[in-house]
Each structure stands twice: as structure tokens, then as C-alpha cells.
Protein chains: 2
Amino acid sequence: MATTLKDVAALAGVSVATASRAFQRPELVGATSREKVLAAAADLGYSPNRSARALITGRSGVYGVIVPDLENPFFPAVLKGAQARAHQLGSQLLITDAGEAPEGELPLVRTLAAQVDGIVLCSSRMTEDSLREAADITPLSLVNRVSPVLPGVFADPVPGIPSAVRHLHRMGHRRVGYVGGPSVSRSDAVRRTVIERICTEAGMEWTDIGSFPPTVDGGRSGAEAVLLTDVTAVLVYNDFMALALMERLRSFGVDVPEEISVVGWDDIEFSSLVTPGLSTVRVPRYDMGVTAIDLLHDGGRRRNGESHLECLGSSGDEDAQGRSPRHARIGLPSQFVPRGSTAKVTARE
Amino acid sequence: MATTLKDVAALAGVSVATASRAFQRPELVGATSREKVLAAAADLGYSPNRSARALITGRSGVYGVIVPDLENPFFPAVLKGAQARAHQLGSQLLITDAGEAPEGELPLVRTLAAQVDGIVLCSSRMTEDSLREAADITPLSLVNRVSPVLPGVFADPVPGIPSAVRHLHRMGHRRVGYVGGPSVSRSDAVRRTVIERICTEAGMEWTDIGSFPPTVDGGRSGAEAVLLTDVTAVLVYNDFMALALMERLRSFGVDVPEEISVVGWDDIEFSSLVTPGLSTVRVPRYDMGVTAIDLLHDGGRRRNGESHLECLGSSGDEDAQGRSPRHARIGLPSQFVPRGSTAKVTARE
DNA sequence: CCCTGGTGTGCAATCGTTTACGATGGTTCT
DNA sequence: AGAACCATCGTAAACGATTGCACACCAGGG
């Protein structure tokens, strides 16, 4: 049916070995035969059979990506970045929705591992032990999750949080709250501490409003909790929650930003669409996808200097043999995006 | 590295042929050897090498899906449905973002075709000719696009539009407009005619407000165009545009729904989050994904009765040989979801 | 006793590539 | 001139699974 390398070789008048080398190791074949092969290939519209290649090289040219929920607007941009990079590298992306099931992730990794060259785990909720086990099966790269033993990329709260907090300070806010996400979330914990530090540095009062599910409902509950405090501004775990929170505040007759300013996190597309626009901390989702594939591709080796990436740290843990594997953990800078949901403090208490 | 069929066969004390048949054609091997093979496989944690299998069977166990833009909230649910079905069938999904480039879709199909068993094209903007060419290369199934020569699944405007229009009528609206999407869009044309028909049937005045890009900007432009007319309610091509349109109307001091009612299309998640909630025509995205894979899987053959699907029509075109290939074109019912953006007519004019 | 038929199994070819190895011819060095 | 070397290319063996074919074995009928 499809044209094979043998057809190309025949048309070019060379052996299949030479034809193969014309693609794989061009420097090993003579200029004339190389050109004949290339011409024949173009002529026949040849494209190599990836299964055959995978069979012998042991690499499929496909990377797997596991996301917890495709409908969460955080991930598509990550996927786009990952796909762009994968295509540059001649690979494809096998995307899988883990479907809200933390305990299903490890089996999923097992299934996928057999047919991919490595897996990008997004916001994985797997235990550290499961992660280790998964890493034994196949190369892994983490997005939005840090592990001492695995390479990964995450959003650095800096400079987003400092600049958000300073912005609130300039607007006259002195009491700010944080509506957190799931308490198991590492990034939530990090944000919490950074917010606290920056607030105290700026001489502002900080209130932990609690942990909530990272959903619309969580945002609504958050709104109710906010009303029990005297804060004039809140930072919220993600835009989803922040939008629901604004909505809920309004339904209680509390105006945003007149009475309470709200800052979200992620800068999903809708944040700029609502009224008032949601001020938010933008995270470089696309670049995170790109970087995740990079990490997979060079298997944790030294990164090429080409990029805008900023490597914030590496694991120094020593393994049983006393070697010191250094796994890249890359933090990409976040950025505060001011919009209508933050304003000068006026009414509230 | 990984355990192969040979290992399993050796442990079970049979030949690889028997081991293979124990999986593929169990009825051909004796009960005792079958059990020994299965036990050995379980013991070794054997999983077949899909590349090797693909090489000989010519089927990779992977379906491709091409979407125009992953960040468009319409698609994730489709992908989820497609994935669920694919997994049921033992296949994986290779998802690709075509990246806003209609002219890039055909090359993309060519690239993908080599490594998948078929491709689901979502909202393809390819020309009919390109579609035909693509269909020559690999099995195809269309989502949100109908073609006379290809199987596909689309959202049936019924009963969504009739019930939306009746709802507006009950609210006292007599002049409604339609803010359309790209004029090349088939579904746009269909909606247009259905809206017109239902409106006239209900004795309402209908205004075509024009064609706009299916983006936030398109929605904004649509808002301005709406203000040049005297309609009291508009139906909008999709929720994205509808939300931006509401936003824009409001920035012009026009209240929704006090002065103008707005109905969107798709029921993306945010439509229920904004204030007022966006009334919208919900389309069964998840089921469309499921069905698209089904169409690919049974290669346009008769559908099994198991489902809730409603087959609206088949192509009767005859090909050169005079045969009459019947390609399933399946319309899934849409549904009107009333929310706050539609209300009794009051102020306008 | 031979032949037919069915059942269960193994041998070996095959899919399309990659790549180790060896063969060939030509060039350069001593 | 002979050796050593290099560039170039072909032969053939993999990779791991599937499957057509043939073979062995056993039952039963003539």
C-alpha cells in the first residue's frame, strides 16, 4: 500500500541500507546517491513507517502527557507548548485525561509507558512513592509539581506575588487574605509562605482564609469565608475560584472592587472577559509545556543555553550508591496582571 | 529489557506461536497451554509491544484527533468523550492542535495518517476537495462539519433553537437577531436557516446581524452591530462571542438582560459563572466525541443499536462505479439552557 | 488396516527499518 | 610497489509480534 524504503531504494538504484543512511546518517553516503535517494523519496511521497523504526530503535517518537482534567483551562496552553516543542523534535503527543482519579494515575502510566518515550505528568496528585515507581518504568517530567527525585517545571511565585502585593499596598490595602486551594497542593503551600513573607515585609496584615477545593464550589465557599474576616483584598488559588468568588460576593451584595479587591492566579482567558476584569498572577503555561518536553528530551541533562529559562534549583539528594543525581527543577517567572478587580480601598470597614 | 512474547512462551513451555494465539485466538489453543501462557504472562507482567504488532497488522491502535485550537473550550469535552470511547476499544488518542491554520490541516493529516488508524477532524476548515484527498489517505470522521462524502457527527439545532426561540417569544420578544460566526461555517448556515424558519413560524421578526470571527473580538464587533438594529434579543454563534458581546454592550451602557437578551451556543463552563448567567444552547460535546470514535471504528458501517444516537441522514451520492456508499451523518440533539441573560422585554426602544 | 477429519502445535516467513560487518575501489604514504 | 587508510556501499541479521502452512496425533468409519 504505502511506499516503503525498498521502493525508494529501487527507484534510486541503491540498496535499502544506503537509502536508510541517506536519512539517518547523510554524511556516510556519497553526494550523488544521497540526492538520488532524496529525490526518489520526494517523488514517491515516502514517509518512514514509525512502527518499524520504533521496533528496532526502541523509541516510538511519541511522548505521553497526563493531565488531571482536560476541561480545566489551565492545561490546554501547556499542551500547546508541549506539542510545539514535540513537533520540533519530530515527536508526537499522546494526551490522556486521568479523569480526576489520583489512584488511577499509576496504572495509566504503566499502560502508556509501553508505547511512549517518556511521560509528562501535569499537576500529578500521585504520592511520592508512586512517582518513584513510575519513574522506574519510564522517563518522567513533572509540571506544576516538584519532587526531590524528578525533573520538573513549575511556576515561580516570583515576581508575580511581590508585584501583586505591592500593587495592593499602593492601592491602600493593609489587610489581605489568601483563599487557598487543596492543602495537599505543594504550590499552594509555597504561595502561602511567599504571600505571608511579602505581606509582613510590606507591613500588611495577612489572613489565611483556609483551604478549598480548586473548583467553582470552592470559590463560592471561599467567598463566604472571606465575609467572616475584615480583609479588604484577597488573593485566590486560581482564576476559576476567584471568578466564582467574585460572583458569590456580588450575590451577597458585596461589590468588587469597591468593597473587596480580588486577585486570581493563572490568567485564564476568561479573566479578561468578565466585568470587572480579574486581576491575576499569570503563569507561563505555554513555556511550561515547552520546558516539560525539553526535560524529557534531554533526559535531565544540562540544558542548552538558548532559552529564557531560569533554573532555580536542583536536587542534591544522594541515592543509595552515594552518587548525586542532579535533576533539573525549573521555575518559570510568574507575572502580575492588574485589571478591574483590584482598586483603591474605599468602603469596607 | 521489557519481557517479550518469547519469554512468556519459554516460561509456559510452548512456542511463541502458541503464546501469541493464546491471546489473539484463544479458541485455537488447548485449554492447558492457554492457561499456562496466561499465567506466565501475568507472572512476567508481559505487555505486547505495540510497535511490533502494528508493523505486522498494519494497525497502530491509535486514533488521531485534530482540533483547530485546544484553548477553545468547546473541544476538551469532545476529547474526553473520544478518549473514553477509544480506551474502551483498546486504543489511544493522538491529539494535535492545528493551530489556527486551515491550510496546515491537510499536511497535518498526511503526517498523522502514517501512524494512526484513523483521524477525527474537529470543526475542520478544510475545503471539500482537501477533505476528499485526506479521506483517500486514511479513514476520517468529522465533528461539527458535514460533508456529503464522509461520516460525521454534528449538533442538531433541534430542539435547542426552537425551544430558545419559544422562550424568547414567551418573554415578549418580537424582534430577534442572529450574530453569526464565520460565513464559511456550515453549522452557522444551518443555524441561520433554522432560526429564520422558527422565527417566522412564531410570527417574530428576524434580523441577520452579520458574520463575525468566532473570537472575543468578533463578539465585540457583534455588539456594535447589534446596537445599530432594533432587536430586543440576539442569538450568538458561540458562548465565547456571546460573553464578549454582553461585556461590550454593558460597556456601552446597555444592560443585559434589561434592554437586550442574549443567547449563546455551546454552554461552556463559564456561561454559568458570569453575571448574569448566559442562556445558551447546549450541545452534547462529550457524546460527539464518543460518536466520532465510533464512526471511525466501525468504518461507517451500521451502528449498533445500543446508543441514544439519532441518525439524521445518510449520503446517497453515487460514486463512479454507481455504488451508493452510505456514510453515517449523525446529529445529536441540542438543548436550550435558560439563565439570567434572557428576560422579559422591558426598556428597549 | 487405511483413510478422512479434526484438533493442537510448531516452523518459518513476514512486516519496514536500522545497523554491524565486510567488500570494494581509490588515494596516499613510505 | 606494497601497505594502510578512507569513503562508499551492499549483505544480512536483527527488533517482536502475527499467521499461513505443515505436521503430529487421535478418533471413527469403511
Side-chain angles (χ1 to χ4, degrees), chain A residues 1-41 44-62 90-92 111 113-117, chain B residues 1-41 44-62 90-92 111 113-117 137-138:
Chain A
M1 193 78 257
T3 75
T4 78
L5 195 56
K6 193 156 58 168
D7 303 329
V8 173
L11 181 56
V14 300
S15 74
V16 287
T18 303
S20 173
R21 278 188 285 250
F23 295 107
Q24 303 300 315
R25 316 279 306 273
E27 73 277 10
L28 289 186
V29 322
T32 63
S33 13
R34 188 190 325 147
E35 280 177 20
K36 276 192 294 187
V37 170
L38 263 29
L44 297 172
Y46 167 75
S47 93
N49 181 318
R50 317 210 22 156
S51 300
R53 186 195 304 230
L55 181 55
I56 194 152
T57 62
R59 311 182 14 91
S60 62
V62 177
S91 295
Q92 302 284 344
T111 314
Q115 36 191 329
V116 300
D117 298 336
Chain B
M1 193 79 256
T3 74
T4 80
L5 194 56
K6 193 157 57 167
D7 303 330
V8 174
L11 181 56
V14 300
S15 73
V16 286
T18 303
S20 174
R21 278 188 284 252
F23 296 106
Q24 303 301 313
R25 316 280 306 273
E27 72 278 10
L28 290 186
V29 322
T32 62
S33 9
R34 188 189 326 144
E35 281 176 22
K36 276 192 294 186
V37 170
L38 263 30
L44 297 172
Y46 167 75
S47 95
N49 181 319
R50 322 217 8 165
S51 302
R53 186 196 307 233
L55 182 56
I56 194 149
T57 62
R59 309 182 14 90
S60 62
V62 177
S91 295
Q92 302 284 344
T111 313
Q115 36 190 328
V116 300
D117 298 336
I137 314 180
T138 188

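Fair warning: this is a prediction, and the values are worked out from it, not measured in the lab. Letters go in sequence order (proteins before strands), and every chain restarts at 1.
- Backbone-only engagement by T4(A) is indicated by non-hydrogen atom pairs under 4.0 Å involving sugar-phosphate atoms exclusively.
- dC21(C) atom P lies 15 Å from atom CG of L28(A), rounded to whole Å.
- Backbone-only contact: S33(A) has heavy atoms under 4.0 Å from sugar-phosphate atoms and none from a base.
- Between Q24(B) atom CD and dG16(D) atom P there is a gap of 17 Å when expressed in whole angstrom units.
- Rounded to whole Å, the distance from CZ on R59(A) to P on dG16(C) is 23 Å.
- At distances below 3.5 Å, at least one donor-acceptor pair connects side-chain atoms of S60(A) with backbone N or O atoms of Q115(A).
- For V29(A) and R25(B), each mapped to the nucleotide of DNA chain D holding its nearest heavy atom, the one lying further toward the 5' end belongs to V29(A).
- Distance, N49(B) CG to dT17(C) C1': 14 Å, rounded to whole Å.
- Remark: P of dC15(C) and CG of L5(A) are 14 Å apart, rounded to the nearest angstrom.
- What separates CG of L55(B) from C1' of dC15(D) is a distance of 9 Å, to the nearest Å.
- Between the T18(B) side chain and the V14(B) main chain, no donor and acceptor come within less than 3.5 Å of each other.
- Expressed to the nearest 0.5 Å, how far OH of Y46(A) lies from CG of L5(A) amounts to 4.0 Å.
- Side-chain contact between S91(A) and V62(A): absent, with no pair of heavy atoms (C-beta onward) separated by less than 4.5 Å.
- Y46(A) comes within 4.0 angstrom of sugar-phosphate atoms only, judged by non-hydrogen atoms across all strands, and of no base.
- Judged by distance alone, with hydrogens and angles left aside, the side-chain atoms of R21(B) form no donor-acceptor pair with the main-chain N or O of V29(B) at under 3.5 Å.
- Side chain R21(A) to base dG10(D): a donor-acceptor pair is found below 3.5 Å.
- Residue T18(B) places none of its side-chain N or O atoms closer than 4.0 Å to OP1 or OP2 of dT9(C).
- For the OP1/OP2 pair of dT9(C) and a distance below 4.0 Å, the side-chain nitrogens and oxygens of S15(B) include no atom meeting the criterion.
- Residue I56(A) contributes atom CD1, which lies 15 Å from atom P of dA17(D) at whole-angstrom precision.
- In this structure, the CD atom of E27(B) is 12 Å from the P atom of dT19(D), given to the nearest Å.
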